[in-house]
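For clarity, every value in this text was computed on a predicted model and none was experimentally measured. Counting convention: from 1, in listed order, for ligands and their atoms alike.
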Amino acid sequence: MYRSFNLMGYRVTGSKCLTICLGFTFIMGCFLASLPIIPSEPTNHQISSTTYSKKKLAIIVPFRDRFEELLEFVPHMYKFLNKQNILFHIFIIQQKDNNRFNRASLINVGFIYTKKDYDYIAMHDVDLLPMNNNLKYGYPKNGPYHISSPQTHPKYHYDTFIGGILLIKQEEFDLVNGMSNNYWGWGLEDDEFYVRLKDAKLKVLRPENITTGPDNTFRHIHDKTYRKRDTRKCFNQREITRHRDRVTGVHDVAYKIHSTHNVSIDSLQITVINVELICNKTATPWCQCPEPPKVKKVK
Ligand SMILES: *[C@@H]1O[C@H](CO)[C@@H](O)[C@H](O)[C@H]1NC(C)=O
Ligand SMILES: *[C@@H]1O[C@H](CO)[C@@H](O)[C@H](O)[C@H]1NC(C)=O
Ligand SMILES: *[C@@H]1O[C@H](CO)[C@@H](O)[C@H](O)[C@H]1NC(C)=O
């Protein structure tokens, strides 16, 4: 057992609504129908002849049913990262199936999709906006770089926390076989990933000299009553997901890409990838819990 897993009691706060993403799909459809897709003229983040040797960042956003957050996230990130001269593109990895949300598998898919063309990824929550310009998104040459440190994250303050926003080189993500595919529903997948990094002797670095705190380093656009988290546990999920997974990862994530769309929000380009995750119900029957979601009081 690892310390990080024991600390998880802090994290259970509610249940996530399982509203499917048809609404989003519809709106995206409208977008595609009504908005011009911006042709690939150089926008301010794109490669120019003087900066082509710079490292490229793929921002991987695991996604379902967070359209309002996305509308804020995209312009904010463009503004924030352009100030730092980061070469980046935003990939929204949208889960399109009837299984419970699987953040880790979606990140694995995003990694595979971007691996050829990008040097490093940011595993990025859509509802966490960096506000302090000293949070640097540059190439993490000395090891995985946890932007949303426990000292500054609005909610999670345990030492081994690496959720929220994490930068990692393609090679390092590959080296640890990416993330476990066993985590259907909310929570713990990032703690398991921490153990993978630790086992591979990769030390997680964090921003230094940040003088802002949990209240003003990030904007957390998360409405916890409106956006319920799916904290259900069914079958033997609790037992299995508390342990290091030495089997599954980026090398065996089962999925189909249904479609990809270049979409623009306020004329800023992003790519939406619609992914169907395939659940092996023998291995992880909890990808669908039989009982209806429990309504829990949120702290
Ligand atoms: C943080 O501040 C200390 C003390 O002023 C300085 O030595 C160190 O280089 C700074 N670190 C970074 C990453 O700026
Ligand atoms: C989206 O844009 C990328 C880069 O310009 C291009 O390679 C890709 O084919 C486009 N995809 C679609 C579905 O238009
Ligand atoms: C599903 O998982 C079971 C148990 O882990 C395994 O034996 C089986 O080969 C898997 N099936 C597929 C299609 O991967």
Cation-pi check, Lys56 onto Tyr118 ring (under 6.0 Å, within 45° of axis) =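 Positive - Lys56 is close enough to the ring of Tyr118 and near enough to its axis.
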
query = Is there any N or O on Thr282 that sits under 3.5 Å from an N or O of ligand 3?
reply =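 Such a contact does not occur with ligand 3.
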
ask   = Any N or O of Asn262 that comes nearer than 3.5 Å to an N or O of ligand 2?
value = yes

key: Atoms in ligand 3 flagged as close to Ala283, the criterion being non-hydrogen separation under 4.0 Å   = 2 (O), 5 (O)

request  = State, without any angle test, whether Tyr158 and Asp191 hold a side-chain donor-acceptor pair at a distance under 3.5 Å.
outcome  =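 Asp191 and Tyr158 do have a side-chain donor-acceptor pair below 3.5 Å.
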
ask   = Hey, are Ser105 and Asn181 close enough side-chain-wise for a donor-acceptor pair under 3.5 Å?
value =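 There is such a pair between these side chains.
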
key: Option passing side-chain contact (heavy atoms from CB on, under 4.5 Å) with Ile147 (candidates Asn132, Ile210, Ile165, Thr217)   =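 Single side-chain contact (heavy atoms from CB on, under 4.5 Å) partner of Ile147 among Asn132, Ile210, Ile165, Thr217: Ile165.
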
key: Heavy-atom protein neighbour under 4.0 angstrom from atom 2 (O) of ligand 3   = yes

task = Output yes when a protein non-hydrogen atom is found under 4.0 Å of atom 9 (O) of ligand 3, and no otherwise.
result =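 No.
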
key: Test salt bridge (charged side-chain N to carboxylate O under 4.0 Å, His left out) applied to Arg196 and Asp174, Asp245, Asp190, the passing residue   =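 Only one option passes, and that is Asp245.
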
query = Near Thr260, which atoms of ligand 2 are under 4.0 Å from a heavy atom of that residue?
reply =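 So the atoms of ligand 2 that pass are 13 (C).
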
note = Nearest non-hydrogen protein atom to atom 13 (C) of ligand 3, with distance, is Asn280 ND2, 4.4 Å

Geometric class of the Tyr156/Trp186 ring pair [parallel <30°, tilted 30-60°, perpendicular >60°] =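 The rings of Trp186 and Tyr156 sit tilted, inter-plane angle from 30° to 60°.
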
